[in-house]
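Following: one structure in structure tokens, then a few remarks.
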Amino acid sequence: MNRISRRKLITSGLAAAAGLSGLAVADRLALRYGLVPPDCRGVYGPGETLTYASQRLLTRHSMAREFPRGMISQDPFANELAPPTDEFKRMQANGFRDWTIAVDGTVERPLSLSIADLHRFPVRSQITEVACEEGWSYIAEWIGTPLSGILHEAGVLPQTRYIVYRGIEPWWWESIDMADALHSQTLITLGMNNGNLPVPFGGPVRLRVPRQIGFKSIKFLVRITATDSLKSFGRGLGSASPEAGYAWWGGI
Ligand SMILES: Nc1nc2c(c(=O)[nH]1)N[C@H]1C(S)=C(S)[C@@H](COP(=O)(O)O)O[C@H]1N2
Ligand SMILES: [Mo]
């Protein structure tokens with residue numbers, strides 16, 4: 001072996017070792033500061049941990065971009081959904097008067113909230129963008145009440161680390177950490193632009209999480225569950241998205 005190729009070998013070996021121990025150090029730091037995402041296992045696991053941990057350290061208090069009224073999309077693209085179930089159609093025919101959202105899990109007072117109940121909470125609005133991982137996006141005004149107020153009403157217990165939430169279709173469920181759950185822009189949405197939230201956009205009620213990608217904003221919201229661990233939900237990866245090959249954390 002000549003000198004040059006030997007030196008090459010040593011340098012690349014060192015680089016590999018540095019890369020590996022760098023990841024290990026990052027992993028230990030992430031663990032110490034509670035920055036490990038639920039989909040941290042598997043081939044992309046270390047990458048997911050690094051992304052989530054570094055983004056969280058930088059963006060824990062940051063705001064999703066809000067837009068001026070003039071930038072609201074004239075023709076927003078809904079990932080057009082037919083009313084998903086017979087139960088949905090029955091409630092729709094009745095003006096969603098029977099719609100309820102259950103709030104349960106690690107809370108002092110489990111709640112069952114109707115749309116009328118939700119209208120009694122403080123009203124907030126925001127003009128933010130929905131972006132789908134498949135490439136489309138649009139800007140709309142979203143009107144509703146912050147999730148934080150509902151969680152406060154239910155009395156979220158101190159061990160709570162995540163909020164799991166579901167739409168009426170059993171296969172759609174997501175979760176967010178408390179930084180996003182208590183964030184002022186995370187909105188239980190009842191209205192869009194100039195009226196009630198239309199069904200294709202998730203009516204009668206949708207959880208908007210504008211700091212994350214589109215699939216975190218679940219339509220037809222029926223259940224909100226506080227928990228200290230995501231292990232017992234689905235395959236333990238935090239939501240339906242990583243089970244389908246996407247990331248649990250989709251910050252934008
Ligand atoms: N209940 C429910 N919520 C859902 C979906 C769905 O199929 N069902 N699709 C998700 C995905 S993948 C995206 S990108 C956005 C799309 O929102 P839009 O239809 O308003 O564009 O909704 C998300 N929320
Ligand atoms: Mo999407």
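Just so it is clear, the model here is predicted, and its values are computed rather than measured.
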> Is it true that Arg69 and Glu141 have a side-chain N and a carboxylate O under 4.0 angstrom from each other?
Replying inline: yes
> Are the aromatic ring centres of Phe201 and Tyr138 under 6.0 angstrom apart?
Replying inline: yes
> If you take all heavy atoms of Pro37 and Trp248, which pair is closest and at what distance?
Replying inline: CB-CE3, 3.7 Å
> Is the number of heavy atoms from other residues, nucleotides or ligands under 6.0 Å of Asn94 CG greater than 12?
Replying inline: yes
> Of the non-hydrogen atoms in Ala64 and Pro210, which two are nearest, and what is the gap between them?
Replying inline: CB-O, 3.5 Å
> In this structure, which one of Leu187, Leu197, Leu221 forms a side-chain contact (heavy atoms from CB on, under 4.5 Å) with Arg206?
Replying inline: Leu197
>> Side chains of Gln185 and Glu66 only: does a donor on one sit below 3.5 Å from an acceptor on the other?
In response: yes
> Has His119 got more than 12 heavy atoms of other residues, nucleotides or ligands less than 6.0 Å from its NE2?
Replying inline: yes
> Between Phe96 and Trp99, how do the two ring planes meet: parallel, tilted or perpendicular, split at 30° and 60°?
Replying inline: perpendicular
>> Quick one: does any side-chain atom of Trp142 pair with a main-chain N or O of Ala140 as donor and acceptor, under 3.5 Å?
In response: yes
>> The test is side chain to side chain donor-acceptor pair (under 3.5 Å); show your working for Thr106 and Asp228 and say whether it passes.
In response: CA-CA 7 Å; Thr106 51; Asp228 58 346; over 6 Å; no
> Where the side chain of Ser217 meets the backbone of Val209, is there a donor-acceptor pair that is under 3.5 Å apart?
Replying inline: yes
> Is the side chain of His183 donor-acceptor paired with the backbone N or O of Ser62 at a distance under 3.5 Å, no angle test?
Replying inline: yes
> Would you call the rings of Tyr246 and Phe215 parallel, tilted or perpendicular if under 30° counts as parallel and over 60° as perpendicular?
Replying inline: tilted
>> Checking the side chain of Glu243 only, and the main-chain atoms of Arg235 only, is there a donor and an acceptor separated by less than 3.5 Å?
In response: yes
> Is any side-chain heavy atom of Glu153 less than 4.5 Å from a side-chain heavy atom of Phe121?
Replying inline: yes
> Does the side chain of Thr160 reach to within under 4.5 Å of the side chain of Thr227, using non-hydrogen atoms?
Replying inline: no
>> Between Asp180 and Lys216, does any side-chain N to carboxylate O distance fall below 4.0 Å?
In response: no
